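What follows is a short report on a single structure.
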Amino acid sequence: MNKTILMVDDEQRMRILIEAYLKKEGLNVILAGDGREALRQFKENHVDLVVLDIMMPIMDGWTVCKKLRKISNVPIIMLTARAEDEDQLLGFQLGTDSYVTKPISPKILVAKIKALLKRTYDDENDSIKENIYDGIFINEEGHEVKIDGEIVYLSPKEFELLCYLIKNKNIVLSREKILDSIWGMDYYGDLRTVDTHVKRLREKLGIKSYLIATVRGIGYKFEVKNNEDKKHFLEK
């Protein structure tokens, strides 16, 4: 697994400690001590995953995450001492893929990094590579989405969510099932995480957002509509 991790934290001890653990796993590591340096390193190097602290000088992690999402769908793990639900929701709204609170064992953090790298970059036997419906093209192996020929940049979690909904098209999926399938059984967040990601995904799908239907009181489904249903939706 010859991937490169950008480790961003204003605590030098933390940067060096995590760097040592990552290098033991054969991963390349780039270090940054503040948000501005993080953006510079990201632009000058190939980066496969970002571990991003929130409370930093010069530019905080929220701002860095927002700027990164404008130019890349690289996986982002937020690393912070702030454990409040609202902070986690804000992180997901900005496009982070995982939210890890300090203190955390370096071994656990490295395991989370490796798991996210595997989910993001490993090819899958049932990968999607086709024109799904109504101008939406997905190359799951290449992590690419096009709508009417234009590339749409999704975060890894948004991409994973879209693929999961498509693979279960016309099937109602509860928020609990989506949370377990996409974030895993060990995720400690609440169901609002699902709603936040669906909202962001719909925004990025634009006029195609009608394909993700809300099933009141249950969850969501990727719903292939006939032409009359589609026309009615677009005229709302």
Side-chain angles (χ1 to χ4, degrees), residues 1-8 27-28 30 32 35 38-54 59 61-79 88-100 112-124 127-132 135-167 178 181-184 187 189 193-194 196-206 208-209 211-212 222:
M1 185 184 292
N2 191 23
K3 300 294 185 183
T4 298
I5 312 302
L6 175 57
M7 175 68 196
V8 188
L27 294 163
N28 302 318
I30 300 171
L39 290 176
R40 186 184 69 80
Q41 292 284 11
F42 186 85
K43 292 174 181 177
E44 295 179 359
N45 298 277
H46 172 79
V47 174
D48 296 294
L49 184 146
V50 179
V51 179
L52 182 60
D53 189 23
I54 291 179
M59 184 185 295
W62 301 129
T63 304
V64 175
C65 183
K66 188 175 181 178
K67 288 180 177 292
L68 287 177
R69 277 293 166 257
K70 290 181 178 180
I71 60 174
S72 173
N73 63 355
V74 65
I76 299 174
I77 295 178
M78 284 286 198
L79 181 62
Q88 295 192 42
L89 285 172
L90 176 58
F92 289 126
Q93 288 168 0
L94 293 176
T96 187
D97 299 282
S98 183
Y99 195 102
V100 177
K112 288 179 177 292
I113 290 170
K114 291 173 65 178
L116 184 52
L117 286 172
K118 182 176 178 61
R119 289 199 304 269
T120 303
Y121 297 107
D122 280 11
D123 295 341
E124 296 185 4
S127 64
I128 305 169
K129 190 175 183 180
E130 59 180 303
N131 187 349
I132 300 302
I136 297 181
F137 176 91
I138 295 182
N139 179 348
E140 190 173 10
E141 293 180 0
H143 282 255
E144 183 178 78
V145 177
K146 290 183 178 180
I147 295 180
D148 296 333
E150 297 291 328
I151 293 178
V152 176
Y153 293 99
L154 303 181
S155 73
K157 272 289 181 285
E158 291 163 359
F159 184 87
E160 193 175 352
L161 174 60
L162 178 60
C163 290
Y164 180 69
L165 291 170
I166 288 171
K167 289 176 182 178
I178 294 172
S181 298
I182 303 299
W183 282 268
Y187 176 70
T193 298
V194 176
T196 296
H197 278 74
V198 168
K199 179 182 178 181
R200 286 177 55 86
L201 184 55
R202 281 173 168 161
E203 289 173 352
K204 293 184 179 182
L205 291 179
K208 313 295 185 182
S209 63
L211 290 168
I212 301 179
F222 187 87

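Residue numbers count from 1 along this sequence. None of these values were measured; they are calculated from a predicted model.
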Exercise. Within a reach of under 6.0 Å around CD of Glu150, are more than 12 heavy atoms found that belong to other residues, nucleotides or ligands?
Worked result: no
For this session: Show the numbers, then the answer: is there a side chain to side chain contact (heavy atoms under 4.5 Å, CB included) between Phe42 and Val64?
Result: CA-CA 11 Å; Phe42 186 85; Val64 175; over 6 Å; no
For this session: Starting at CD1 of Ile182, measure out to OG1 of Thr193 and round the result to the nearest 0.5 Å.
Result: 12.5 Å
Problem set entry | side chain to side chain contact (heavy atoms under 4.5 Å, CB included) between Ile113 and Val51, worked out | CA-CA 8 Å; Ile113 290 170; Val51 179; 3.7 Å; yes
Exercise. Any side-chain heavy atom of Gln41 within less than 4.5 Å of one from Val8?
Worked result: no
For this session: Under the side chain to side chain contact (heavy atoms under 4.5 Å, CB included) rule, what do Asn73 and Glu158 come out as? Steps first, then yes or no, please.
Result: CA-CA 9 Å; Asn73 63 355; Glu158 291 163 359; over 6 Å; no
For this session: Give me the one residue out of Pro156, Ser98, Ser155 that meets side chain to side chain contact (heavy atoms under 4.5 Å, CB included) with Pro75.
Result: Pro156
Problem set entry | Side chain proximity check, Arg119 to Lys157, heavy atoms < 4.5 angstrom | yes
For this session: Sort out for me which residue in Ile77, Ile30, Leu117 forms a side chain to side chain contact (heavy atoms under 4.5 Å, CB included) with Ile5.
Result: Leu117
Problem set entry | Donor-acceptor contact present, side-chain Arg69 to main-chain Val74, <3.5 Å | yes
Exercise. So which heavy atom on Val47 is nearest to which on Val50, and how close?
Worked result: CG1-CG2, 3.9 Å
Problem set entry | Note, Leu165 side chain near Ile212 side chain (heavy atom, < 4.5 Å) | yes
For this session: Heavy atoms only: give me the nearest Leu39-Lys67 pair and the separation to one decimal.
Result: CD1-CD, 3.4 Å
Exercise. Atom CD1 in Ile138, atom CG in Leu154: separation rounded to 0.5 Å?
Worked result: 8.0 Å
Exercise. If you round to the nearest 0.5 Å, how far is CG of Leu68 from NZ of Lys43?
Worked result: 9.0 Å
For this session: Kindly indicate whether the side chain of Phe159, heavy atoms from C-beta on, has any atom under 4.5 Å from the side chain of Asp97.
Result: no
Exercise. Under a 4.5 Å cut-off applied to non-hydrogen side-chain atoms, are Trp62 and Met78 in contact?
Worked result: yes
Exercise. Between Phe92 and Tyr99, what is the ring plane arrangement, given parallel below 30°, perpendicular above 60°, and tilted in between?
Worked result: tilted
For this session: Compare every heavy atom of Val152 with every heavy atom of Lys204, then report the nearest pair and how far apart it is.
Result: O-CG1, 3.7 Å
For this session: Specify the closest pair of heavy atoms between Ile76 and Cys65, including all atoms of both residues, with the distance to one decimal.
Result: CD1-SG, 4.0 Å
For this session: Flag the pair Met7 / Leu79 as yes when at least one side-chain heavy-atom distance between them is below 4.5 Å, and no otherwise.
Result: yes
